[in-house]
Amino acid sequence: MQNIRNIAIIAHVDHGKTTLVDKILHTGKLFRENQESGELILDNNDLERERGITILAKNVSVQYKGTKINIIDTPGHADFGGEVERVLNMADGVVLLVDAFEGPMPQTRFVTQKALAQGKTVVLVINKVDKANCRPEEVHDQVFDLFFNLDATEKQLDFRTVYGSSKQGWMGPDYKNPTSDITHLLDVIIDYFPNAPRYEGTLQMQITSLDYSSFVGRIAVGRVLRGTIKDNMPVSLVKRDGSVVKSRIKELFTFEGLGKLKATEVGAGDIVAITGIEGFEIGDTIADFENPEGLTPIAIDEPTMNMLFTINNSPFFGKEGKFVTSRHLRDRLFKELEKNLALKVEETNSADSYLVFGRGILHLSVLIETMRREGYELQVGQPQVIIKEIDGKKCEPIEYLTVDVPEPVSGKVIEYVSQRKGDMLLMEPKGDLLHLEFEIPSRGIIGLRNNILTATAGEAIMAHRFKAFEPWKGHIPSRNNGVLISGEQGTAIAYSIDKLQDRGKFFVEPGDPIYTGQVIGENNRQDDIVVNITKEKKLSNMRASGTDDKMRIAPKINFSLEEAMEYIQGDEYVEITPSNIRLRKVLLDETERKRNEKKMVSQ
């Protein structure tokens with residue numbers, strides 16, 4: 001039997017996980033000498049490459065000194081924690097990667113907590129020691145304290161440490177003496193991590209993730225915990241609720257390098273992909289045909305936020321997207337549920353609206369961005385946090401927020417967070433920055449990033465993670481300014497925009513098509529006003545001095561999808577099409593809006 005090590009690589013966003021996996025793949029000689037592999041080999045979907053983050057957990061394997069090392073690359077964002085939790089079930093050990101300057105960050109803590117609770121052994125890699133202002137020894141002590149605070153066992157506290165720079169491609173026992181390659185890390189993985197356990201007996205394998213192929217349909221991926229699995233073998237599928245469905249395996253694949261390799265039989269300990277089983281869900285167990293024994297289903301943290309998804313019913317619907325009906329939207333959302341564990345979808349009273357629950361704005365925005373690229377048109381409402389009643393008290397999700405910011409502007413950050421019911425826990429210098437930690441309601445984080453980045457000229461580094469549900473903190477002030485609403489449908493005209501610039505800032509530029517009820521700018525005052533920017537200049541046949549002044553128009557404000565989602569209020573939607581993101585009022589007609597306002601006041 002082959003020696004197998006199953007390891008997961010965990011780290012905070014941008015600490016160099018995927019780059020390290022690249023180097024391991026190169027060391028394992030997966031590419032020909034002259035083959036173009038590019039960088040960030042594993043971040044292979046467009047969204048991951050653009051944002052520079054890992055969203056989906058992926059498996060690859062390398063052969064080193066006769067041992068097969070299965071590597072699972074995991075996301076670092078707490079929003080994708082659902083991915084990390086289930087993937088840890090496949091691993092026996094964890095490589096924790098920490099930046100030599102930043103040290104353990106909130107999301108490092110989030111994922112490490114899950115790994116330690118499952119009793120995994122840990123190897124610490126302190127990465128980026130080539131940075132000018134790095135502090136490897138301090139970071140090592142911080143990680144030890146973190147493990148201690150997370151109730152690690154004696155064995156877990158006695159972790160191995162490897163120093164290096166994955167970008168420069170070396171790892172060694174001492175950061176002062178760079179080595180020439182990363183083989184030291186691979187040696188530590190083989191020596192320190194246990195061999196994948198092989199339990200004898202009838203088959204047991206838990207499905208921990210799934211793949212999809214347009215040829216063979218859904219593919220189940222998981223680790224064989226006990227017994228052996230063969231192709232064309234009759235098996236039982238034990239569902240989450242304990243019911244058993246008889247099925248048969250068509251084909252088996254193991255992970256070899258970046259691809260999959262067909263196999264006829266796989267023993268306990270290895271990670272496999274299986275086709276031919278219908279109707280499975282993540283967390284189900286594939287067990288023996290005669291005596292099925294289920295494993296404990298995977299528990300996933302529940303969602304903290306929801307948004308209303310509805311079909312696009314603006315005057316511009318159907319002009320840009322391929323999928324615009326409620327049937328398309330419904331099918332796509334329910335298809336996403338199959339592989340996105342932390343997501344929930346609920347139908348509403350209206351046939352064309354759905355409530356989608358997720359782990360945070362980033363989690364939901366990645367789903368919306370993916371749908372938009374596939375050609376869907378939809379509208380989403382303001383993100384709402386999930387409120388629970390615990391012991392008769394109204395409770396809301398509270399998060400830990402950390403902000404690293406230059407000292408001169410720290411006062412502004414503290415002011416913004418305090419306005420949103422945040423409590424400061426810690427304030428300490430970190431290099432040339434000030435490190436601030438707060439506890440803040442999730443409601444307060446929506447829209448906070450924009451304000452803080454504006455106040456600090458883009459220099460603030462923010463991260464947050466879920467803490468718990470705690471009693472409701474009271475009213476949080478929302479957006480201070482009103483908006484400019486278009487009163488006419490047509491094309492934005494430079495002359496009108498120029499004359500209205502003293503009213504506020506615009507989100508559209510001359511030549512953009514606009515419709516009645518579209519939000520086209522931000523007012524300087526607190527109330528919303530309706531303006532007409534489709535008016536052209538009236539020409540007369542008389543020339544007068546001063547009539548032909550040049551127009552000077554400030555550039556429009558461009559919103560990213562997350563910024564738009566955070567900007568809108570309860571009476572507004574974000575309209576999302578494959579080529580545009582527009583903001584609009586839910587009620588496009590001004591008279592209807594006023595009637596609705598009166599109704600709300602009288603209630």
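In this chain, residues are counted from 1 in sequence order.
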Can you tell me if NZ on K467 sees more than 12 non-hydrogen neighbours from other groups inside 6.0 Å?
-> yes

Any donor-acceptor pair under 3.5 Å linking the side chain of [X] with the backbone of [Y]?
X	Y	answer
E377	G321	yes
T348	S353	yes
Q206	G283	yes
D391	K393	no
E396	K473	yes
K128	E102	no
Q518	Y515	yes
D528	V483	yes
K421	H475	yes
R584	G517	no

Knowing that exactly one of V345, D352, L378 qualifies, which makes a side chain to side chain contact (heavy atoms under 4.5 Å, CB included) with F309?
-> L378

Just do the side chain to side chain contact (heavy atoms under 4.5 Å, CB included) check on I461 and V403 with the steps written out, would you?
-> CA-CA 6 Å; I461 301 165; V403 188; over 6 Å; no

From [atom1] ([X]) to [atom2] ([Y]), nearest 0.5 Å:
X	Y	atom1	atom2	value
I219	I277	CD1	CD1	12.0 Å
L333	S326	CG	OG	11.0 Å
M305	R443	CE	CZ	11.0 Å
R327	R330	CZ	CZ	11.0 Å
E562	I446	CD	CD1	12.5 Å
K239	T285	NZ	OG1	11.0 Å

Going by atom types only, do E399 and S442 share a side-chain donor-acceptor pair under 3.5 Å?
-> yes

Determine whether Q379 and N313 make a side-chain contact, defined as any pair of heavy atoms from C-beta on separated by less than 4.5 Å.
-> yes

State, yes or no, whether a side-chain contact exists between F255 and V221 at a heavy-atom distance under 4.5 Å.
-> yes

Residue pair M307, M565: steps toward the side chain to side chain contact (heavy atoms under 4.5 Å, CB included) verdict = CA-CA 10 Å; M307 282 175 86; M565 284 159 63; 3.6 Å; yes

Audit row: M462, L448, side chain to side chain contact (heavy atoms under 4.5 Å, CB included) steps and yes/no = CA-CA 10 Å; M462 279 175 67; L448 179 67; 4.2 Å; yes

Go through the steps to decide whether N312 and R582 satisfy the test side chain to side chain contact (heavy atoms under 4.5 Å, CB included), and finish with yes or no.
-> CA-CA 11 Å; N312 184 8; R582 300 186 190 97; 5.7 Å; no

State which residues pass side-chain contact (heavy atoms from CB on, under 4.5 Å) with E563; sequence neighbours excluded, sorted by chain then number.
-> N450, F559, S560

Identify, with sequence neighbours excluded, every residue that meets side-chain contact (heavy atoms from CB on, under 4.5 Å) alongside F323.
-> H328, Y376

Begin from the C-alpha positions of E374 and R332 and carry the test salt bridge (charged side-chain N to carboxylate O under 4.0 Å, His left out) through to its verdict.
-> CA-CA 10 Å; E374 289 168 5; R332 179 65 182 82; 2.6 Å; yes

